[in-house]
Amino acid sequence: MEFRNKISMEDTLVQDLIEIKEVEDRPVFEDKGAREYVIEQSMVAAIPEPYIGMEFKSPDDAQQYYNNYARSKGFGTRKNRISRSKINKAMIAREFVCSKEGLRANKYVKREDRVTVAPDEIREGCKAMILVSKKEEGKWIVSRFHTEHNHALASPMSTRFIRSHRTKTKVQKDLMDVLDDSGIRPSKIASILSHESGGLGNLNMTEHDIFNYLSRKRQKQLEKGDAQIMLDYFRGCQSKNPGFFYAIQTDIDGCLANCFWADARSRMAYKHFGDVVTFDPTYLTNKYRMPFVPFAGVNHHFQSILFGCALLWDETEETFIWLLKTWLKAMYGCSPNTIITDQDGAITNAIAKVLPNTTHHFCMWHIEKKFPETLSHVYHRNEDFKKEFNSCIHNTLTPDEFENSWTRVIQKYNLQGNSWLEKIYSIREKWVPAFLHNTFCAGMSTTQRSESLNKYFKDYVNASTPVSKFVLKYEEALDDRYNKEREENFKTMNSKPVMKTLYPMEAEASLIYTRKLFRIFQDELIHAQECVASRVDVNDGLKVYKVHGFNKEKPMYMVTFDASQNAAVCNCHKFEFMGILCRHILAIFIKKKVFSLPSQYIIRRWTKDAKKNDNSSIIQNETDDKLSESSTLWFNSVMLHSLGLSEKATRSSKHYDLAIRGIKNLCDELDTLAIDIVNEGKKPASIDDSRMLEDDNVLYSGTTLRDPVHVISKGRPPSLRKKSSVEESSKKSKTCSSCNRKGHTKRTCERHQPNFESKSISTSQIVDVTQD
């Protein structure tokens, strides 16, 4: 046995010498971590042997010495017995032993209640130890020392795997905290620390140690409760910024059910760009698997922006009604003109009840992606079906053209009676482009904006993120989005696009539109020169032209031109749908020598001044009389105007100084202004008065907001995107091998489920907590 151990150690030492030689042959880099490690290794190699009578200032110093000595020899240490005084119970002796001292007790080896496999045995009854005793003068000396081991010692390159030598410095802990807050995973953190230490062999910890450190840190942070930390964060945000809005629903047990929040920037962005909104509740971003629902839109740079977001308990009609009412309240009751969502019955019913005057469109992508699966028998047998079906949807310009093309495809491929096709045909006004192009949608026909934001958030959160950390990461992601908007603003104001034509309207558009929108307009203007226009009819002074490309008779577009007003309408309806003139109308303008861009075709939301000089209040549904009677509405209106002022005042130091002087002068003038007799008895609105109080029965009395149920998934979810009810319903029905019934499997069969007491949430059991 001793001979085998000796041979094994000799082989290991030879391998370590080869590795050390390889390290020595590598180029030397100036690395602080590597220099510290070399110094530490030299100190370890110079540690003397312990002896009876060796003195230390404290037991901690003795432990540090013995651990360094153990590292130089190739074994680990741990604390063992303590001897205390019979008089005052003070410690008078301390023993430090080899990590392989003793043996595992039988009660831990033969446990009947053990579920997992027992861990490997690492103790071998080693007698190596050191005992330090306290002397009268306060010093500690070595009174007993045993140096022999009954096991093989680790090689110098392997001692870093021993538990007592896996240490983390304060600098390493700070770096791990920063990287973890930045969304870096433990495996990547280990790689970074290894690089900083001069190589993996110099890193005194493993990836598992990093994971355990971060887990303990998160557990300590969540001692107060995940949901309660989130609530405290919301309260803190609102105390700092009165424009912050949040609303919470709890179940009867006080657990978090639904949550919505929107900061002041999102509410101000809605004021300018809230005409078209999308939201998609099919993304899971937290350990409770609560659907994340971002309300998204598009700004004047054609960038995605957020109008608030929510975490939901479920996806029922009642939940969506609460969400839409809460969101509408946060946006001061101003409904969007158009809203785009997934094809879901609960969402459709909720929008019809809460937003009856809003045009509701379905996401075309969610519907189209089901064609290959639902019509697989036709897709595989007929190669031309996909091309004809897509042409029916995307290449028809009018409803009549779509109806004729749809009927022709259905009859050609014998699809009469297909229930799924009949269902989507019955709602064609909500997703087919030929029906939607008359409605302004800011160029959006899908929930891609929400989907892209979901993908964007993947860089900040994952499926195990607690909700308290999720809201913090949400703020970081939101800051990044607004930073990109500021960057695009800077580029727009400090650069000039290159002109590609000689038409005056191109130069005019470059001064009006933002960079992104000008490029879209410029592309249409360039392609307008490739169009051929010929007059086909004249009716009451309106001239009708047919427009097509050079040597291309199809597709053919019809443009109606009114020379008296320089107005035109194209049956492609690009302007009505997106707000940018199409190439077909521009071709007619060029033909009729209309070289200046008519003012009626300039939409403010796409211009450089989209957020400038607009002092109108977002509270559009309140009359002037009602506004004059409410100090709370006064406060909200002034707050919204001040947000715009703050944004302008931070452009430069001159802007800031001018704003501060103006505010001081205004405050002095307000102080000297007499209060009207009519409003003399009213209490002026304050920050606290402008908010709705929390529910007295749940949170206001000091009751803690409890965490929602933690859903433990079986393995990694196939996707963080949750499928809609339509997608789920189109799946092939499963058959249980136990009861032979369809709709479930043996694992989810009721016969094999434990009899838990079920608990559900109803409207009467949910408590609202809203803060504005």
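When a residue number appears, it is its place in the shown sequence, counting from 1.
Under a 3.5 Å cut-off, the side chain of Asn404 and the backbone N or O of Asp400 do form a donor-acceptor pair. No donor-acceptor pair closer than 3.5 Å links the side chain of Trp431 to the backbone N or O of Glu368. Remark: side-chain polar atoms of Ser391 are not paired, donor with acceptor, to backbone N or O of Lys387 under 3.5 angstrom.
Remark: the Tyr379 side chain and the Glu373 side chain contain no N/O donor-acceptor pair separated by less than 3.5 Å. A side-chain donor-acceptor contact under 3.5 Å links Asp263 and Ser266. Checking Arg267 against Tyr332 by side-chain atom types alone, a donor-acceptor pair falls below 3.5 Å. A donor-acceptor contact closer than 3.5 angstrom is absent between the side chains of His437 and Asn571.
In this pair, Trp261 and Phe234 present their aromatic rings tilted. The plane angle is within the 30 to 60° band. The aromatic rings of Phe244 and Tyr246 lie tilted to each other, with the angle between the two planes from 30° to 60°. In this pair, Tyr425 and Trp406 present their aromatic rings parallel. The plane angle is below 30°, not in the 30 to 60° band. Between His584 and Tyr557, the ring planes lie parallel to each other; the angle is under 30°, not in the 30° to 60° tilted range. Under the 30°/60° scheme for interplanar angles, the aromatic rings of Phe295 and Phe260 are found to stand perpendicular.
When all heavy atoms of Cys363 and His366 are compared, the closest pair comes out as SG-ND1, 3.0 Å. Residue Ala350 comes nearest to Glu317 through the heavy atom pair CB-O, 4.2 Å, listed as atom of the first residue, atom of the second, then distance. In terms of heavy-atom proximity, Ile393 sits nearest to Val432 at O-CG1, 4.4 Å. Pro555 and His548 make their closest contact through O-CB, 3.8 Å (heavy atoms, listed as atom of the first residue, atom of the second, distance). In terms of heavy-atom proximity, Phe402 sits nearest to Ala434 at CB-CB, 4.3 Å. Considering every non-hydrogen atom in both Leu421 and Asn418, the closest pair reads N-OD1, 3.1 Å.
Every residue two or more places apart in sequence or in another chain was checked for a side chain to side chain donor-acceptor pair (under 3.5 Å) with Asn390, and none qualifies. In this structure, the salt bridge (Lys or Arg N to Asp or Glu O under 4.0 Å) partners of Lys412, at least two apart in sequence or on a different chain, are Glu388.
Phe371 and Trp420 have their aromatic ring centers within a separation under 6.0 angstrom. Taking the ring centroids of Phe302 and His300, they lie at or beyond the 6.0 Å cut-off.
Contact check on Asp479 versus Arg265 returns a salt bridge, with a Lys/Arg side-chain nitrogen under 4.0 Å from an Asp/Glu carboxylate oxygen. For the pair Glu485 and Lys611, the salt-bridge criterion is met [side-chain N within less than 4.0 Å of a carboxylate O]. No salt bridge links Lys546 with Glu553; every basic N to acidic carboxylate O contact stays at or beyond 4.0 Å.
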Which is it for Thr319 and Trp313 under the side-chain contact (heavy atoms from CB on, under 4.5 Å) test, yes or no, and what are the steps along the way?
CA-CA 8 Å; Thr319 298; Trp313 169 280; 5.5 Å; no
Candidate pair Val298 and Trp606, rule side-chain contact (heavy atoms from CB on, under 4.5 Å), full reasoning:
CA-CA 10 Å; Val298 59; Trp606 296 133; 4.2 Å; yes
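The CG atom of Leu436 sits 9.5 Å away from atom NZ of Lys430, with the distance rounded to the nearest 0.5 Å. Between the OG1 atom in Thr338 and the NE2 atom in His361 there is a gap of 5.5 Å [rounded to 0.5 Å].
For the pair Lys325 and Trp322, the NZ or CZ position fails the cation-pi test of under 6.0 Å to the six-membered ring centre and within 45 degrees of the ring normal.
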